[in-house]
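Quick note on labels: first sequence line is chain A, next is B, and so on, each numbered from 1.
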Number of protein chains: 2
Amino acid sequence: MFGAVTIKDIAKALGLSTSTVSRALNGSYEIGAETKKLVQEYAEKVHYRPNPIALSLKDQKSHSIGVVVAELANNFFSQAINGIESIAYSSDYHVIITQTHESHEREIANVEHLMSRHVDGLLVSVASGSTDLKHFQSLRDRGFPIVFFDRVVDDIEAHKVVTNNFKGAFDATELLINNGFKRIAHIAMASNLAISRERLNGYKAALEKHGLPFDAEYVKHCLHGGRAINEVEEAIAELMALAEKPDAVFSGSDRITIGCFGTFKKMGLTVPNDVAMVGFTDSDVTELFDPPLTVIRQPAFQIGQMATEMLIKQIRSKYPVTEFVTETLSTELIERGSAKNTAKP
Amino acid sequence: MFGAVTIKDIAKALGLSTSTVSRALNGSYEIGAETKKLVQEYAEKVHYRPNPIALSLKDQKSHSIGVVVAELANNFFSQAINGIESIAYSSDYHVIITQTHESHEREIANVEHLMSRHVDGLLVSVASGSTDLKHFQSLRDRGFPIVFFDRVVDDIEAHKVVTNNFKGAFDATELLINNGFKRIAHIAMASNLAISRERLNGYKAALEKHGLPFDAEYVKHCLHGGRAINEVEEAIAELMALAEKPDAVFSGSDRITIGCFGTFKKMGLTVPNDVAMVGFTDSDVTELFDPPLTVIRQPAFQIGQMATEMLIKQIRSKYPVTEFVTETLSTELIERGSAKNTAKP
DNA sequence: TTGAAAGCGCTAACAC
DNA sequence: GTGTTAGCGCTTTCAA
């Protein structure tokens with residue numbers, strides 16, 4: 001192709017057979033020391049690189065892993081992929097990324113496409129609308145390596161890597177409680193996402209632990225995750241119309257948080273004096289808010305790394321894997337300015 | 001591998017030779033209509049998919065393209081890659097992404113790695129520190145397909161896709177001028193980036209066109225692109241300490257913009273009443289600011305798409321390409337609230 | 001210690 | 001119209 005040296009070229013140049021060259025290059029012990037040295041030095045000199053395609057064909061491994069996510073533009077996923085790349089790269093796998101855009105049909109098509117490319121394994125965060133999981137199940141049944149991350153499914157036996165959403169939400173809520181806030185609202189993402197439910201449960205648990213009542217009126221869901229600013233604005237309007245206005249808000253995503261900041265400002269409310277805030281975050285722009293946002297940070301990068309490590313281990317395993325683990329990665333509470341209690345120090 | 005049906009399996013099952021099956025599948029005209037139909041239906045039935053690895057080995061094409069960018073976590077690049085993926089996917093190429101983290105050494109290593117994977121072409125946005133470009137030049141000399149995007153290099157003959165940074169900055173500045181602002185500051189990214197210089201030139205040109213003096217004191221550079229909030233804070237402090245305070249700021253990046261917003265708030269300045277703002281943006285969070293930011297939007301997605309289209313065309317070209325084009329994509333001016341002139345309507 | 005040859009999946013030049 | 005064969009780059013029995 002573009003100046004690629006093959007084993008054959010080396011063999012010809014050195015007057016050896018291709019098999020001898022191959023063995024020398026792979027350090028086989030049954031090769032004369034001089035021959036070996038000769039070959040290796042020559043290979044080095046001409047910059048020989050084994051053709052990965054030929055290797056793939058030979059041993060029926062493509063050395064690539066397929067990734068199925070909702071949206072590359074989503075910060076969580078782009079960071080997770082960052083982590084995936086970092087491990088894959090150093091393990092000499094390459095990564096084929098596909099996006100579902102939350103469509104079940106595209107999910108199936110993507111898996112099909114990845115399989116036709118003979119990927120050695122799959123890293124999957126299921127589309128939010130996917131209930132029928134036959135396409136994954138049949139692969140798992142045949143022992144095909146899959147690791148699910150972030151948005152996982154209960155019904156399939158496989159390795160999984162998730163965020164501890166429950167504890168993250170618990171921590172966020174408890175921090176607010178410990179800082180003296182009593183009427184804590186929660187503005188969450190769509191309720192059909194498991195991660196939303198887990199966070200809601202964490203929120204409830206913290207209230208309960210501290211003897212605060214749970215009030216359904218304090219919980220608002222944004223169907224579009226705050227993508228439409230009105231969603232958030234309306235949620236806050238409703239909250240602030242309550243007889244007992246909340247004195248703090250725990251937000252379920254960056255978009256919601258940003259919406260909250262905008263709306264508060266519009267209403268003339270300052271953070272944290274009038275309303276304190278803690279957010280669940282995928283990114284780091286919230287650090288630059290004013291006041292800097294106190295957040296629960298998702299370890300997106302690490303999730304990607306860990307999922308990839310588990311997958312590659314499974315791919316390389318000599319024996320079929322039968323024990324499956326679910327790794328739960330902790331969120332990190334980062335205290336900045338937005339959850340301070342300025343009234344009661 | 002995992003249930004993959006080969007041409008051989010089909011041949012055996014149907015009592016034909018592999019070549020007949022191959023031809024039938026490829027719709028060769030010199031095959032009996034019945035045989036062809038028989039084969040195609042059977043292939044369909046058993047869900048036959050050609051092995052892309054075998055094809056690659058055969059025709060010396062990997063059907064993959066290599067991408068070299070600074071940082072996946074950078075919004076501009078993740079959106080550009082989104083565009084790259086969208087075209088590559090539908091053209092049946094897959095994409096191998098590598099990151100330089102702005103290191104020249106890693107750039108060389110990545111190119112080397114991609115070449116050893118036999119990618120059919122390269123999509124490159126050069127690392128900010130790269131001055132020595134031998135690794136690209138020698139590939140180009142051998143006619144290897146490369147398309148540069150965003151951060152391009154003048155010295156190498158190749159297709160290129162860039163943003164019209166000059167015009168974007170010109171538009172931003174002119175909008176502020178047209179809205180009645182007279183003392184327009186520019187807070188820019190590191191001055192060693194070509195894109196910074198182009199934007200600065202656009203800014204100057206707009207001032208000149210409208211007969212406003214250029215004042216070097218109104219231009220501040222942030223070496224770290226606003227990554228450290230102090231950078232921006234200090235820049236603004238200096239600007240606001242001037243005898244003639246600026247009445248508007250044109251910001252060179254999202255991070256800088258966010259820093260500006262925070263700093264203004266801290267100083268008790270409101271946007272746009274005290275200072276108007278226009279930003280250069282890669283993302284859409286700025287829409288949710290308060291006030292929503294008026295921006296020059298970079299067509300990151302389209303840049304990725306166009307670069308990929310050009311690359312694939314070049315890869316598929318029967319003849320060596322000798323005419324090279326530089327596509328310049330326009331930015332989009334999106335007026336929202338931050339550049340309104342509340343004093344003079 | 002080294003070489004010859006087969007085979008991974010597929011295509012294409014060359015038979016017949 | 002269909003089969004045979006060689007070959008893409010590499011590894012690995014099997015012989016020598």
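The NZ-C1' distance, from B:K36 to D:dG1, rounds to 11 Å in whole Å. Spacing between atom CG of A:L55 and atom P of C:dG9 amounts to 15 Å, rounded to whole angstrom units. For the pair A:E34 CD and C:dT1 P, the computed distance is 9 Å after rounding to whole Å. Taking atom CD1 on B:I53 and atom P on D:dG7, their separation rounds to 23 Å, with Å as the unit. Remark: P of D:dG9 and CG of A:D59 are 17 Å apart, rounded to the nearest angstrom. In this structure, A:R23 atom CZ and C:dA5 atom P are separated by 14 Å, rounded to whole Å. When rounded to the nearest whole Å, the span between NE2 of A:H118 and P of C:dG9 equals 9 Å. Atom C1' of nucleotide C:dC10 and atom NZ of B:K12 are separated by 16 Å, given to the nearest angstrom.
No close placement of the B:H118 and B:H63 rings is indicated, their centers lying 6.0 Å or farther apart. Between B:Y48 and B:Y42, the ring center distance fails the sub-6.0 Å criterion.
Counting non-hydrogen atoms under 4.0 angstrom, A:N26 reaches the backbone sugars and phosphates but no base.
Between B:Y48 and C:dG9 there is no side-chain polar atom (N or O) within less than 4.0 angstrom of OP1 or OP2. For the pair A:S19 and C:dG3, the criterion of a side-chain N or O lying under 4.0 Å from OP1 or OP2 is not met. For D:dT2, the OP1/OP2 oxygens have a side-chain nitrogen or oxygen of B:T35 closer than 4.0 Å. The side chain of B:Q60 contributes an N or O atom lying less than 4.0 Å from OP1 or OP2 of D:dG9. Taking side-chain N and O atoms only, B:K8 has a distance below 4.0 Å to OP1 or OP2 of C:dC8. Proximity of B:S17 to the phosphate of D:dG3: a side-chain N or O atom is located under 4.0 Å from OP1 or OP2.
With D:dC10, C:dT2, D:dG3 as the candidates, the nucleotide lying closest to the side chain of A:T6 is D:dC10. For A:N51, the side-chain atoms get nearest to D:dC10 when compared with the rest of C:dT11, D:dC10, C:dG9. Set against D:dT2, C:dC10, D:dC10, the side chain of A:I7 has D:dC10 as its closest nucleotide.
Between A:H94 and B:H94, the ring planes lie parallel to each other; the angle is under 30°, not in the 30° to 60° tilted range.
When each of B:I53, B:N51, B:D92 is tested with A:R117 by the rule side-chain contact (heavy atoms from CB on, under 4.5 Å), just one qualifies, namely B:D92. Put simply, the residue from B:I97, B:T100, B:I96, B:V126 that forms a side-chain contact (heavy atoms from CB on, under 4.5 Å) with B:V68 is B:T100.
Each end of the helix from C:dT1-D:dA16 to C:dC16-D:dG1 gets its own rotation axis from five pairs of C1' atoms, and the angle between them is 60° to the nearest 10 degrees.
Between B:K58 and B:L16, the one whose closest nucleotide on DNA chain D sits nearer the 5' end is B:L16. Nearer to the 5' terminus of DNA chain D, by closest-nucleotide assignment, is the contact made by B:L57 (compared with the other of A:S22 and B:L57).
Below the 3.5 angstrom threshold, one finds no donor paired with an acceptor across the side chain of B:R49 and the base of C:dG9.
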| request: In sequence, state the C-alpha distance, the side-chain angles, and the governing distance for A:V162 and A:F149, and then conclude on side chain to side chain contact (heavy atoms under 4.5 Å, CB included). | output: CA-CA 6 Å; A:V162 294; A:F149 69 98; over 6 Å; no
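Expressed to the nearest 0.5 Å, how far CG of B:L57 lies from OG of B:S62 amounts to 11.5 Å.
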Give every donor-acceptor pair under 3.5 Å between a side-chain atom in residues 299-315 of chain B and any protein atom, sequence neighbours left out.
| residue | atom | partner | partner atom | Å |
| --- | --- | --- | --- | --- |
| B:Q305 | NE2 | B:S86 | OG | 3.1 |
| B:T308 | OG1 | B:G304 | O | 2.6 |

